[in-house]
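All residue numbers in this chain count up from 1 along the given sequence.
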Amino acid sequence: MKKAWIKKTAFCTGMLLCGVSVYSLMHRIADENAFEFNNTQLIIGNDTISMQKFYYNLSNTIHGWIYTDSQGKTINIDSLNNTSVKEAQKQQGLKAINLKTQIDTIYVSQDISELEKDKLIYQNKDALLFENMPSMGLYNYDRITIREFQANCPKLQNKVDKNNNKFNCTFRHEFQHYLNTLHGIRKWNSYPIKYVECCLDEISANIAQCLEQRKNYLKHGKDLKYITDRFSTYKQAIIDKKITPQTKQISAAEAEFIANSVFSSWMLEKYEIYAQQEKSRTNFFLQDASFAAIQEDTKKHQEVMEKFFTIDGYNFWQHISLREQEIFEKITPEMKKEWALFNKQKFANMSHLEKLEYQKLLKGNESYPKDINANKIKARIISFFGKDR
């Protein structure tokens, strides 16, 4: 009887001590986390709320972790801190682009002064003078601008016709840029990969343009004036009978020649001209990306490039992929230093939700729900002790 009483007393005492211990532990959790939870702000939709309020109103459902706002609206937090979801939403928005095309007429005349008699003068309808020949076309988000050059005499017109869409196939070049926007030029990746993708966007557009000139060449009885000097290597190969374009299909050898010749000529003649522009585009496309979103993703890069270089049904990526390293090697120490600074800034400025996503990237999907649940428990404990205000 005495032994039973001792056991009962020991059990009750243990439970009491355990309760005191748990209570003390909970109190310490509330003390240690209340300041961070109450003072860390999260932006959910149009509302700015505390981390405390966010986790207190979070529920784990069959649809994932759901936040319920003060109006009873539910939000799946995967849509708030999942790069893939955000990127998919952004790409879906791009599909709604209403593409417009405009013609910008450039009037061409010859300088009448003795010193500059061989110089051409370019101006548009608004009397804007161009010091050098303006670009033949431009793609900008929802608009393609095609430049048509109109000379003041037949002899000069014959000279500048090669710059017009009829021969240059400007529209096809710019349209490929639009297609590449839909294919993923704005998708997030590391700075070096995105820079290379921006350069490859130009090479993709040039291959599409070359194929269009090839069609015109065949359509007009194999008249070589329909292949401009922009693709002089390709034209010379036809003259030398190294390749013989056929109307039915492009042979594997010709496709490989087009890929390599366009890549080589762009790197030799255009890279230095475009380098600063492509760096600016890289920085622009990644300016809103989180730290997690700018981690290197070679699989995503490959998927995007497959789309860039599947042109008119032909896979040019199998050839271009063997040479993209040449662009990576062009990245300067100054560019690397600038991007390292951007990485550092993005890491330092991560929001709480962005930190959650980055932790998921580092530790894997299994730890992600555990981290969220631990924070939800902390929010409940903070509220229990009245430290949520």
Side-chain angles (χ1 to χ4, degrees), residues 15 17-90 187-190 286-297 300 342-389:
M15 290 297 292
L17 290 173
C18 183
V20 171
S21 178
V22 170
Y23 185 86
S24 299
L25 176 62
M26 290 173 61
H27 203 284
R28 189 168 78 246
I29 290 172
D31 285 342
E32 290 176 351
N33 292 279
F35 182 83
E36 178 189 4
F37 274 58
N38 288 320
N39 290 279
T40 300
Q41 300 296 302
L42 279 65
I43 298 175
I44 311 294
N46 296 321
D47 297 328
T48 299
I49 62 171
S50 69
M51 184 175 161
Q52 169 65 22
K53 184 176 180 180
F54 174 73
Y55 280 108
Y56 190 84
N57 291 286
L58 204 60
S59 303
N60 191 8
T61 73
I62 59 172
H63 303 294
W65 288 96
I66 302 295
Y67 167 75
T68 306
D69 66 16
S70 55
Q71 282 75 46
K73 180 182 177 182
T74 58
I75 303 170
N76 188 312
I77 70 165
D78 274 346
S79 65
L80 302 174
N81 72 336
N82 187 308
T83 293
S84 298
V85 172
K86 289 181 179 179
E87 199 164 66
Q89 292 171 342
K90 183 173 66 171
K187 285 187 174 182
W188 297 315
N189 214 310
S190 69
L286 299 182
Q287 64 179 347
D288 296 327
S290 67
F291 184 73
I294 59 168
Q295 302 310 299
E296 182 178 290
D297 191 334
K300 184 194 292 185
F342 291 161
N343 275 304
K344 186 176 180 180
Q345 290 171 342
K346 286 181 181 292
F347 181 82
N349 296 327
M350 276 193 289
S351 69
H352 176 70
L353 291 175
E354 288 173 343
K355 289 177 182 177
L356 267 183
E357 181 184 20
Y358 183 56
Q359 286 301 310
K360 180 167 64 173
L361 192 67
L362 286 180
K363 299 192 294 185
N365 289 329
E366 289 185 6
S367 69
Y368 175 67
K370 295 177 184 177
D371 291 341
I372 294 177
N373 195 51
N375 284 334
K376 178 177 172 58
I377 292 171
K378 288 175 184 177
R380 292 286 178 175
I381 292 173
I382 289 168
S383 178
F384 177 79
F385 286 100
K387 294 180 177 291
D388 56 344
R389 47 188 176 273

**Q.** Intermediate values then yes/no, salt bridge (Lys or Arg N to Asp or Glu O under 4.0 Å), Lys187 and Asp297
**A.** CA-CA 11 Å; Lys187 285 187 174 182; Asp297 191 334; over 6 Å; no
Q. Would Tyr23 and Arg28 count as a side-chain contact (heavy atoms from CB on, under 4.5 Å) if you check the C-alpha gap in whole Å, the side-chain angles of each, and the deciding distance to 0.1 Å?
A. CA-CA 9 Å; Tyr23 185 86; Arg28 189 168 78 246; over 6 Å; no
Q: I would like to know whether Lys53 and Asp388 meet salt bridge (Lys or Arg N to Asp or Glu O under 4.0 Å); could you show each step before the answer?
A: CA-CA 8 Å; Lys53 184 176 180 180; Asp388 56 344; over 6 Å; no
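For residues 343-357, there are no salt bridge (charged side-chain N to carboxylate O under 4.0 Å, His left out) pairs, not counting sequence neighbours.
Electrostatic pairing of Lys387 and Asp31 counts as a salt bridge here, judged by a charged N lying under 4.0 Å from a carboxylate O. A salt bridge links Asp371 to Lys363: one of the charged nitrogens lies within less than 4.0 Å of a carboxylate oxygen.
For Ile29, the side-chain contact (heavy atoms from CB on, under 4.5 Å) criterion is met by Leu25, Asn33, Lys378, Ile381, not counting sequence neighbours.
Rounding to the nearest 0.5 Å gives a distance of 7.0 Å between CG of Leu353 and CD1 of Ile77. Here CZ of Phe37 is found 14.0 Å from OH of Tyr56. Values are rounded to the nearest 0.5 Å. From Leu356, atom CG reaches atom CG of Asn82 across 11.5 Å, with rounding to the nearest 0.5 Å. Expressed to the nearest 0.5 Å, how far CD1 of Ile382 lies from CG of Asn38 amounts to 6.5 Å. With values rounded to the nearest 0.5 angstrom, Phe35 atom CZ is found 8.0 Å from Thr40 atom OG1. Between atom OG1 of residue Thr74 and atom CD1 of residue Ile66 there is a gap of 6.0 Å, rounded to the nearest 0.5 Å.
The shortest side-chain heavy-atom distance between Glu87 and Lys300 falls under the 4.5 Å cut-off. Under the 4.5 Å side-chain criterion, counting only non-hydrogen atoms from C-beta, Thr83 is in contact with Ser290.
A donor-acceptor pair is defined here as one N or O able to donate and one able to accept, closer than 3.5 Å; no such pair exists between the side chain of Gln295 and the backbone of Asn189. Judged by distance alone, with hydrogens and angles left aside, the side-chain atoms of Ser383 form no donor-acceptor pair with the main-chain N or O of Ala379 at under 3.5 Å.
Tyr55 and Asn375 are linked by a side-chain donor-acceptor pair at a separation below 3.5 angstrom, with hydrogens and angles left out of the test.
Shown are Asn76, Leu58, Ile75; of these, the side-chain contact (heavy atoms from CB on, under 4.5 Å) with Trp65 is made only by Leu58.
Annotation: Phe385, atom CZ; neighbour count of heavy atoms from other residues, nucleotides and ligands within 6.0 Å is above 12. Applying the 6.0 Å contact sphere to NZ of Lys73 captures no more than 12 heavy atoms from other residues, nucleotides or ligands.
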